[in-house]
Amino acid sequence: MSNRPAMVIIGAGQSGARAAHALRDNGWEGAITLLGNEGVAPYDRPPLSKAVLLGQKTTAQCALYDEAFYREQRIDLRIDANVQQIDRAARAVVLRDGHRVGYQRLLIATGAAPRRLTVPGATLEGVHVLRTAADALNVLDELSPGRKIAIVGAGFIGLEIAATAIARGCEVIVIEAAARALMRAVPEIVAAYLVERHRQMGVDVRFAVQVDRIIGSAKRATGVKLSDGTSIACDCVIAGIGVKPRTELAEAAGIDVADGIAVDDTLRTNDPHIFAAGDVCSFPHRLFRRRMRLECWKNAEDHARIVARNMLDRGETYSEVPWFWSDQYDMTIQIAGMPGFGVTTAVREISATSRVFFALDRDGVLVGASGVGQVSEIARDVRIAQELIARRACIDPTLLSDRSVKLKPLLAAEAL
Ligand SMILES: Cc1cc2nc3c(=O)[nH]c(=O)nc-3n(C[C@H](O)[C@H](O)[C@H](O)COP(=O)(O)OP(=O)(O)OC[C@H]3O[C@@H](n4cnc5c(N)ncnc54)[C@H](O)[C@@H]3O)c2cc1C
C-alpha cells in the first residue's frame, strides 16, 4: 500500500467517473483510483432502456470516456475491483482479492441495485432486470417481433421498456401492484396522461394486481400468475420494481445510513474523510427542507461535480433543483423539482401533443413541473419552472395554466 496522498472512489459508474474527472479539473495532482466491478469502463445508463434496446446504439457507444482519457488524466481505473470492506481505522479499502488501497479521501459512489422479484419462479431463465449494460444485452435478446413481454412495474424503467418493446413489434403487458403508474415520481394526472398514451400504442396496462408466481417449463419463464387469479402467457418477464441503494459497505463500516448513505449538504458522511454521491446517498435539501435520495442522471452528475470540490475541502453546499428526463415513443418527459411533493396541479396545454403540469404545495409554492410531449415545446417552460422552483415562487395557478401567459416575466417578477 503506497503512502502517496490518494483519492479513492468506490464505484466506476456515472458519479464515480465524473468525480474522478472533476478532481483533476479542480487541480488535484495526486493519485486517483477508480474502483469498479462491472468489468467494463464507466458508461451512461439512460440509453440502455432507450437507444440500446431500439438497436440504435451499442453498449460500447455508451462509454463515458475513451480509454485514452483515463491514461491522460492519470486515473487508475480498475474495472474488476470488487471492494469488500472499508477499514476506516487504517484509511484503506480492501478488495475481494485481499489487496488494500489507502485513501486520504474516499468517495462511495456504489449506486443502486435493482430490486428483484422474489415470487416462486423468479429465478427461471427469461426473468430479467435492467440496470447494467450486460442486463440490456439480455433484454435486447428477448425483444423480437411478435414475442410477448410481461413487464412488472409501471415506473419509468418499466414504461420505457414497454415503449421500446412496442417499437420492436412485441406484444406488451405491464403489471403494477399500485393503483396507478409512477406513484412516487409525479402527480396522478401526469401518470394517467402517460398511461393513456401507452394504451393507445397497444400496451395492456393493469393496476392493483401483483405477480404471485412466474410459470415456467424446462427452466424458462412461460407466463405469470396474477393475484386476481388470471394467468398470462408470455415469452419473458422484465422486472422494473425499483432499486435499493448499495449501502452495505458503508453500513458495515459504521457509516450512518438513512435510506441511502446519510451525507450532509456538502455530501460528507459522518466520517470526515468519507463522502458519498449519486443514487447511493441521501442528503438534506435546503429547498424542500427534507432529506432525500434521487435516482437520476443529473443528480449523479451534479453530485460528482460538487463532491470532487468538497473532497478538496472547498466546503460547497449542494442545493440543485432536481431534473429528470425520460423518453417514451415520440414523447419526452422532463421533470424539474419534486412534483410528487405537490398537492395541486395546474395544467398548461401547449399544443395537441404537449403539456406542462405544474405542482404546487399546500402553501402555493411551486415544487415541481412535468413537461410531456415534444422537447421543442416543453423544454423552455420546464427550464424556467426550474428557476421558479429554486426561488420558492408562489404563483397563481391560473397564470400557470394559461398558455398565453409567458413564464419568463413571472421569473423576472419573482426576482424583484
Ligand atoms: C436503464 C436505465 C435507464 C435510466 N434512464 C434515466 C433517464 O432517462 N433519466 C435519468 O435522469 N436517469 C436515468 N437513469 C438513472 C441514472 O442512470 C442513475 O441515476 C445513475 O446512473 C446513477 O449514477 P451512480 O454513479 O450513482 O450509480 P451507478 O451508475 O449505478 O454506478 C455505481 C457503480 O458502482 C459499482 N459498485 C457497486 N458496488 C461496488 C463495489 N463493492 N465495488 C466496486 N464497485 C461497486 C456498480 O457496479 C456500478 O458500476 C437510468 C438508469 C437505468 C439503469
Side-chain angles (χ1 to χ4, degrees), residues 8-20 33-53 59 62 64 77-86 93-97 99 101 106-115 128-140 153 155-161 163-164 185 238-240 242-253 260-261 267 276-283 293-304 307 322-328 331-336:
V8 173
I9 301 170
I10 311 175
Q14 190 88 40
S15 272
R18 295 292 198 217
T33 306
L34 179 56
L35 301 168
N37 63 357
E38 286 195 58
V40 289
Y43 57 89
D44 235 357
R45 288 179 209 279
L48 299 181
S49 49
K50 307 172 184 73
V52 170
L53 290 191
T59 52
C62 299
L64 287 175
L77 168 66
R78 305 190 200 169
I79 58 173
D80 287 309
N82 217 319
V83 178
Q84 293 270 286
Q85 192 201 337
I86 300 168
V93 300
V94 185
L95 308 187
R96 183 186 280 163
D97 62 10
H99 275 91
V101 184
L106 175 67
L107 171 62
I108 307 176
T110 45
R115 289 185 194 278
H128 302 277
V129 291
L130 177 49
R131 177 75 192 181
T132 65
D135 295 336
L137 296 179
N138 291 334
V139 172
L140 181 59
F156 277 111
I157 297 283
L159 294 180
E160 285 192 352
I161 299 170
T164 47
I238 306 168
V243 296
K244 196 173 169 301
R246 285 187 164 121
T247 55
E248 302 84 353
L249 287 171
E251 274 174 81
I261 298 172
L267 306 179
D279 284 12
V280 77
C281 73
S282 69
F283 57 98
R293 191 175 65 77
L294 298 173
E295 296 158 8
C296 62
W297 182 91
K298 185 170 182 297
N299 180 63
E301 294 269 312
D302 291 343
H303 269 186
V307 85
W323 185 89
F324 173 88
W325 94 100
S326 171
D327 295 323
Q328 295 167 35
M331 297 184 303
T332 283
I333 297 117
Q334 290 191 2
I335 299 178

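Every value quoted in this text rests on a predicted model; they were computed, and no experiment measured them. Both ligands and their constituent atoms are indexed starting at 1 by order of listing.
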Could you go through the salt bridge (charged side-chain N to carboxylate O under 4.0 Å, His left out) check for Arg246 and Glu248 one step at a time? CA-CA 6 Å; Arg246 285 187 164 121; Glu248 302 84 353; 5.8 Å; no
Residues Glu295 and Arg115 bridged, charged N to O under 4.0 Å: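 Salt bridge flag = no for Arg115 with Glu295.
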Is the closest basic N to carboxylate O distance between Arg131 and Asp279 below 4.0 Å?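 Salt bridge between Arg131 and Asp279, a charged N being under 4.0 Å from a carboxylate O: yes.
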May I ask you to decide if the ring planes of His303 and Phe283 are parallel, tilted or perpendicular, using 30° and 60° as cut-offs?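 Perpendicular: the ring planes of His303 and Phe283 meet at over 60°.
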Smallest separation among heavy atoms of Leu48 and Ala133, with atom names: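 Closest heavy-atom pair between Leu48 and Ala133: CD1-N, 3.8 Å.
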All salt bridge (charged side-chain N to carboxylate O under 4.0 Å, His left out) counterparts of Asp302, not counting sequence neighbours: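 Salt bridge (charged side-chain N to carboxylate O under 4.0 Å, His left out) check on Asp302 returns Lys298, Arg305.
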I'd like a table of the close N/O pairs between ligand 1 and the protein (anything under 3.5 Å), one pair per line with both atom names and the distance.
{"unit_1": "ligand 1", "atom_1": "5 (N)", "unit_2": "Lys50", "atom_2": "NZ", "d": "3.1"}
{"unit_1": "ligand 1", "atom_1": "8 (O)", "unit_2": "Lys50", "atom_2": "NZ", "d": "2.6"}
{"unit_1": "ligand 1", "atom_1": "8 (O)", "unit_2": "Trp325", "atom_2": "O", "d": "2.9"}
{"unit_1": "ligand 1", "atom_1": "9 (N)", "unit_2": "Trp325", "atom_2": "O", "d": "2.8"}
{"unit_1": "ligand 1", "atom_1": "11 (O)", "unit_2": "Trp297", "atom_2": "N", "d": "3.0"}
{"unit_1": "ligand 1", "atom_1": "12 (N)", "unit_2": "Trp297", "atom_2": "N", "d": "3.2"}
{"unit_1": "ligand 1", "atom_1": "19 (O)", "unit_2": "Asp279", "atom_2": "OD1", "d": "2.8"}
{"unit_1": "ligand 1", "atom_1": "19 (O)", "unit_2": "Asp279", "atom_2": "OD2", "d": "3.3"}
{"unit_1": "ligand 1", "atom_1": "19 (O)", "unit_2": "Cys296", "atom_2": "N", "d": "3.1"}
{"unit_1": "ligand 1", "atom_1": "19 (O)", "unit_2": "Cys296", "atom_2": "O", "d": "3.4"}
{"unit_1": "ligand 1", "atom_1": "25 (O)", "unit_2": "Gln14", "atom_2": "N", "d": "3.3"}
{"unit_1": "ligand 1", "atom_1": "25 (O)", "unit_2": "Ser15", "atom_2": "N", "d": "2.7"}
{"unit_1": "ligand 1", "atom_1": "26 (O)", "unit_2": "Asp279", "atom_2": "N", "d": "2.9"}
{"unit_1": "ligand 1", "atom_1": "29 (O)", "unit_2": "Gln14", "atom_2": "N", "d": "3.4"}
{"unit_1": "ligand 1", "atom_1": "29 (O)", "unit_2": "Arg45", "atom_2": "NE", "d": "2.8"}
{"unit_1": "ligand 1", "atom_1": "29 (O)", "unit_2": "Arg45", "atom_2": "NH2", "d": "3.4"}
{"unit_1": "ligand 1", "atom_1": "30 (O)", "unit_2": "Arg45", "atom_2": "NE", "d": "3.2"}
{"unit_1": "ligand 1", "atom_1": "30 (O)", "unit_2": "Arg45", "atom_2": "NH2", "d": "3.4"}
{"unit_1": "ligand 1", "atom_1": "30 (O)", "unit_2": "Arg131", "atom_2": "NH2", "d": "2.7"}
{"unit_1": "ligand 1", "atom_1": "41 (N)", "unit_2": "Val83", "atom_2": "O", "d": "3.1"}
{"unit_1": "ligand 1", "atom_1": "42 (N)", "unit_2": "Val83", "atom_2": "N", "d": "3.1"}
{"unit_1": "ligand 1", "atom_1": "44 (N)", "unit_2": "Asn37", "atom_2": "OD1", "d": "3.4"}
{"unit_1": "ligand 1", "atom_1": "47 (O)", "unit_2": "Asn37", "atom_2": "OD1", "d": "2.6"}
{"unit_1": "ligand 1", "atom_1": "49 (O)", "unit_2": "Glu38", "atom_2": "OE2", "d": "2.5"}
{"unit_1": "ligand 1", "atom_1": "49 (O)", "unit_2": "Arg45", "atom_2": "NH2", "d": "3.3"}

